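Below: one structure, written as structure tokens.
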Amino acid sequence: MDRQLLMGNEAIALGAIRAGIRLATGYPGTPSSEVLETIARERSDGLYVEWSVNEKTAVEVAAGAAMSGARVLTAMKQVGLNVASDPVMSLNYVGVKGGMVIVVADDPGPISSQTEQDTRHFARFAKIAVFDPSSPEEAYLMIEDAFNYSEMIARPVIFRPTTRVCHSYASVNLAESRSSHSQNGGLGFTKDGGKWVIFPKLAYENHVKLEETMAKLGQVFSDYPGNILLDGGKKGIAASGVSWLYAREAVANPGAGFECKQLKVATIPLPESLCLEFLSGLDEVLVIEELDPVIERELIYLCGRYGLKTVIKGKLSKHIPNAGENSPSGVKDAILRFLTPDSPQIIDKASSHEPRRPLPPLPARPPVLCAGCPHRASFFAVKEAVKTQKAVFSGDIGCYTLGNAMPLDMVDTCLCMGAGIAQAQGIHRVEPDTLNFAFIGDSTFFHTGLPGVANAVYNKADIIIAVLDNSTTAMTGGQPNPGMGKTLMGGDAPKLSIYNILAALGVDQLQRVDAFDFEAAKAAAQKAAGASGVRAIIFEGLCVALGKTKSPLKVDAASCTGCGACVRRLGCPALSIRGKGAAIDPVLCAGCGLCKYLCRFDAIGS
């Protein structure tokens, strides 16, 4: 048996390959991106993988393959599920033939998302079963269980790792060979209008079946090995996901002397019989989970339904924080207060009996645009072009959201993927005297930008669409998009032209400009600002993460007056003030030349 050190997402991917998937789709989004990248890297012949243009399309492609009997996986982050919710909701009513697992990586914190949201809520709303791994090792094995249960009920299921499971590493025992399975009825699409075409009558009938299936799973899951019950004590701890490991570590601490009953919940619906066995004889229960009190509410419901006097504590009772991710120390402290309320602290046997002095807080390190980022150049050109005019700058999801930070201050709104173009239209309807720019990246343009453009043209809006084309999906790791001419599997593909698409959608005031040519970029923004209707500027500049093509610049100390304009106005991390003048870090500088344009004293050069 091979043993490898794997990231959680890699373990999920290898487990899915071992389970016999034939197709994998998705859209990049932290913390889920590495799942599909690993499948693409490790795949064998016969396994198709793609980055779809968005999560909705990814689910629909996977649904077609699953209806044809193949085992399929689609991956996204939690906010991506919002985009995919329409087909996911309907697909669970229609059903599948081959096993279908939707990997939705939740991001408690959030660490890299615009919202904290718990996918288990959507799953309960849509009546979809959920598998909730606690570690990379468990994820590797559990993903195959998810496929098996999906085929057993002929419905998609959700696999829900959280950030710490996705991005932590562990030594995982890999099976020597992939498991074998047989698709339900073999591969191939079978025409059946009474099954695959959703009408109101069929929706009603399938809703009845869904309710029966979920109730049955609630009992079946009591025997699922991933749900664990450990006896001991009159108090109990219920946990799920990575919080289970935090809780086990705290309770197993040899210096703590804890004794309590413990329940690990790895599935939705909850394993009802196992939960009732856990609750039996307990006075109190502390529930530890990410992100919302889903298990906590279910246990409260069971206590009410069956007349149990057990007191359930957790997020609802303020014993566990109701926002943010859990941490080992936070869980340890919560368990200490719950199990030994009169004890001031835990003393580990391996530690000193002297209380530890609190560590000073770490300095804040807000994310910034990279040195040499073309988005900084685009933002600065627009800012300089319209600095005397009343303007609002609607933003979107991507690296360029960081344009919100000072000193650029060029992103006034950021809602969700593709929203900026539509938001700019709404702002214009209320403030018609305001100049409205809508910034959107190339990958986001293909994701959900096109409907906003069509709406603007159709409804005769007065906005400027600024497409920031850096030839990659940079924020999530440099994945390909339809404008790059490459696919996830490495093959060539048609390179879709953003310019031609905008023209085809009816945008007749179009400009294309080099983002690093400051004077040309500024002139393009001024020209667009002086016109009306729907107009667009495509700022083109290669992402610096794809490679530096120019030598770093230098500051001539004799010419530099130390005015600091380059540092104050650009916010480039390669620039700083040292002593009496500006300095450029040669390691960070990409030679973009933006600071050279800005310097009035010609103190910056090659």
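All values derive from a computational prediction rather than experimental measurement.
Listed by first and then second residue, the salt bridge (charged side-chain N to carboxylate O under 4.0 Å, His left out) pairs that reach into residues 322-331 are R164-E325, sequence neighbours excluded. For the salt bridge (charged side-chain N to carboxylate O under 4.0 Å, His left out) condition, the pairs that include at least one residue of residues 211-220, sequence neighbours left out, are K127-E211. Here salt bridge (charged side-chain N to carboxylate O under 4.0 Å, His left out) pairs that include residues 466-482, with residues two or more places apart or in two chains, number zero. Sequence neighbours left out, the pairs with a member in residues 93-124 that pass ring pair (Phe, Tyr, Trp, His ring centres under 6.0 Å) are Y93-H207.
R376 contributes a side-chain N or O that, together with a main-chain N or O of C370, makes up a donor-acceptor pair within less than 3.5 Å. At least one donor-acceptor pair under 3.5 Å links the side chain of T213 to the backbone N or O of K209. Using modelled atom types, no side-chain atom of S52 and backbone atom of Y27 make a donor-acceptor pair closer than 3.5 Å.
Qualifying salt bridge (Lys or Arg N to Asp or Glu O under 4.0 Å) partners for E10, counting only residues two or more places apart in sequence or in other chains: R41.
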Donor-acceptor pairs are to be reported for all side-chain atoms of residues 264-274 against protein atoms at under 3.5 Å, with residues two or more places apart or in another chain.
unit_1, atom_1, unit_2, atom_2, d
K264, NZ, E138, OE1, 3.4
K264, NZ, E138, OE2, 2.6
K264, NZ, G226, O, 2.7
T267, OG1, N227, ND2, 3.0
T267, OG1, P269, O, 3.4
E272, OE2, Y306, OH, 2.6
S273, OG, Q219, OE1, 2.7

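Using a 30° and 60° split on the angle between ring planes, H375 and Y400 fall in the perpendicular class, above 60°.
Close placement of the F131 and F221 rings is indicated, their centers lying within 6.0 Å of each other.
Between the side chains of Y48 and E50, at least one donor N or O lies within less than 3.5 Å of an accepting N or O. Checking T57 against N54 by side-chain atom types alone, a donor-acceptor pair falls below 3.5 Å. There is no side-chain donor-acceptor pair under 3.5 Å between N436 and E431.
When the options T473, T472, T476 are evaluated for a side chain to side chain donor-acceptor pair (under 3.5 Å) with S443, the one that passes is T473.
Between R160 and D106 there is a salt bridge, since a side-chain N of the basic residue sits under 4.0 Å from a carboxylate O of the acidic one.
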